[in-house]
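Counting starts at 1 for both ligands and their atoms, following the listed order. These numbers were taken from a predicted model, which means no experiment stands behind them.
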Amino acid sequence: MYYPDSKLPKVGTTIFSVMSQLAAQHNAINLSQGFPDFEGPEQLRKRVAYHIGHKANQYAPMTGVQPLREAIAEKAKRLYGANVCADEEVTVTSGATEAIFAAISAVVRQGDEVIVFDPCYDCYEPAIELNGGICRHISLTLPEFTIDWQALKEALTPRTRMIIVNTPHNPSGVTLSRQDLDKLAELVRDTHILLLGDEVYEHIVFDQQPHCSLLTHSELAARSFVVSSFGKTYHTTGWKVGYCIAPKPLSVELRKVHQYLTFSTAAPFQLAIADYMLHHPEYTGELPGFYQEKRDLFCQVIERSRFSFTPAKGTYFQLVDYSAISDMDDVSFSRWLTTEKGVAAIPVSVFCQNPDPDMRLVRFCFAKNEKTLREAGELLCQL
Ligand code: PMP
Ligand code: GLN
């Protein structure tokens, strides 16, 4: 039997599966893969059971159920001042991952270049490559993980089809500012470059800072796919419900891919989320405080450790520098921490094309109960 060469020769199993599996094998506290160890709102979970009991068990409409698309459009207006058409510009997808794949597949052609910023979330590059695109990596400038605007300017070519921005940013926890959006607008003005905004942590931004969505910037919104995930917002990563907001011409193309990728997303989850959004508009305003407490607790419990860190500005991840503890590279350190010390983390170099060999950073997920965070803190302070 002849098996074809891999279309993704550089790709292995994602670091999230690898580290979660290692954590389970060694009974380590799993602060690696990003998911909460607590449940989403009870009312929301009850609505899923309600809809399963009330005949919502066949295909949802391809674009998403009407009440959910309307709730998403209403939220975009209320929070970002964006006028979004629920019928033509909102598409519900099976997680943000599907929305990202569909957006890239909809517009990236053979030889097109797509710019990403390292460290970058791991699902972008395979999607670009499967569509014949070329992924151009630009390193964020450490220690603040800021965009090097000059490097971005120099990387733009007539073949640049898209720039992918992720704010709040996984894994660094930094956020883009209004000035950043203005600089981006300056660079793409008078070009045909599209943007993909990965904003899955849009409601997890701390210290009273606003989330600067691409949707708040009408010039950028006109050329953007903006993607989010209900998994992050409602502590339900296993439901895999996300969405994409994009101007009609882009949504038309995205939907052509979505309809043959998954066709539609689980109906009871969509209806339950729509009910919850309608009855609890206050929820997203409370989420930053909820996670800020967890960030602060985690930072407090590792305060007397030998890790150094700057508290995350957003997301539910905290980056830490372990150079005072070990000289191992981050992949070895993460494995050692998991197998020998009982706490699992994610190495940062795996999100970089050309990682700095001297970088000594790992990511911890603090979307955990107080008990979990305290127990992990105890172990981390012994290092
Ligand atoms: N983008 C980023 C930056 C993420 O952290 C995640 C989280 N898993 C995703 C996309 C994918 O979200 P989903 O689980 O909804 O597919
Ligand atoms: N986004 C999550 C993280 O960053 C993981 C998602 C996944 O496991 N695919 O940890």
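- Side-chain contact check for Pro119 versus His169: some heavy-atom pair is nearer than 4.5 Å.
- Taking the six-membered ring for Trp and thresholds of 30 and 60 degrees, Phe38 and Tyr291 have ring planes inclined between 30 and 60 degrees apart.
- Residue contacts with ligand 1 for Phe230 are absent, since no atom lies close enough (heavy atoms, distance under 4.0 Å).
- The part of Lys240 lying near ligand 1 is the side chain, judged by heavy-atom distances below 4.0 Å.
- The closest approach between any non-hydrogen atom of Lys232 and ligand 1 is below 4.0 Å.
- Per-residue contacts place Tyr201 under 4.0 angstrom from the following atoms of ligand 1 (heavy atoms of the residue considered): 3 (C), 4 (C), 5 (O), 7 (C).
- Contact of the Ile128 side chain with the Phe101 side chain is not registered, since no non-hydrogen atoms from C-beta on lie closer than 4.5 Å.
- Listed by number with element, the atoms of ligand 1 under 4.0 Å from a non-hydrogen atom of Gly95 are 15 (O), 16 (O).
- Side-chain contact check for His211 versus Pro168: some heavy-atom pair is nearer than 4.5 Å.
- Between Phe317 and Tyr201, the ring-plane angle classifies as perpendicular under the 30° and 60° cut-offs.
- In this structure, Arg295 is not positioned above the aromatic face of Phe298 in the sense of NZ or CZ being under 6.0 Å from the six-membered ring centre and within 45° of the axis.
- Residue, atom and distance of the protein heavy atom nearest to atom 15 (O) of ligand 1 are Ser229 OG, 2.7 Å.
- Contact analysis puts Val200 in contact with ligand 1, with a non-hydrogen atom separation below 4.0 angstrom.
- Ring centroid separation for the pair Tyr243 and Phe230 comes in under the 6.0 Å cut-off.
- With ring centers used as reference points, Phe333 lies under 6.0 Å from Tyr322.
- Protein heavy atom in closest approach to atom 12 (O) of ligand 1: Ala96 CB, 3.5 Å.
- Side-chain contact between Pro4 and Tyr2: present, with at least one pair of heavy atoms (C-beta onward) separated by less than 4.5 Å.
- Ranking protein heavy atoms by distance to atom 1 (N) of ligand 1, first place goes to Asp198 OD2, 2.6 Å.
- When Phe101, Phe16, Tyr121, Phe35 are ranked by how near their heavy atoms come to atom 10 (C) of ligand 1, first place goes to Tyr121.
- Ion pairing of Lys248 with Glu89 is absent here, as no side-chain N (NZ or NE/NH1/NH2) approaches a carboxylate O to less than 4.0 Å.
- Two rings, from His235 and Phe290, have their centers less than 6.0 Å apart.
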Is there any protein N/O under 3.5 Å from an N/O of ligand 2, and what does the full list of such pairs look like?
from	atom 1	to	atom 2	distance (Å)
ligand 2	1 (N)	Tyr121	OH	3.1
ligand 2	4 (O)	Asn170	ND2	2.9
ligand 2	4 (O)	Arg363	NH1	2.9
ligand 2	4 (O)	Arg363	NH2	3.4
ligand 2	8 (O)	Gln33	NE2	2.6
ligand 2	10 (O)	Gly34	N	2.6
ligand 2	10 (O)	Arg363	NH2	2.7

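- With rounding to the nearest 0.5 Å, the separation of CZ in Phe269 from OG in Ser94 is 10.5 Å.
- Of all protein heavy atoms, the one lying nearest to atom 16 (O) of ligand 1 is Thr97 OG1, 2.5 Å.
- At a 4.0 Å heavy-atom cut-off, ligand 1 touches Asn166 through the side chain alone.
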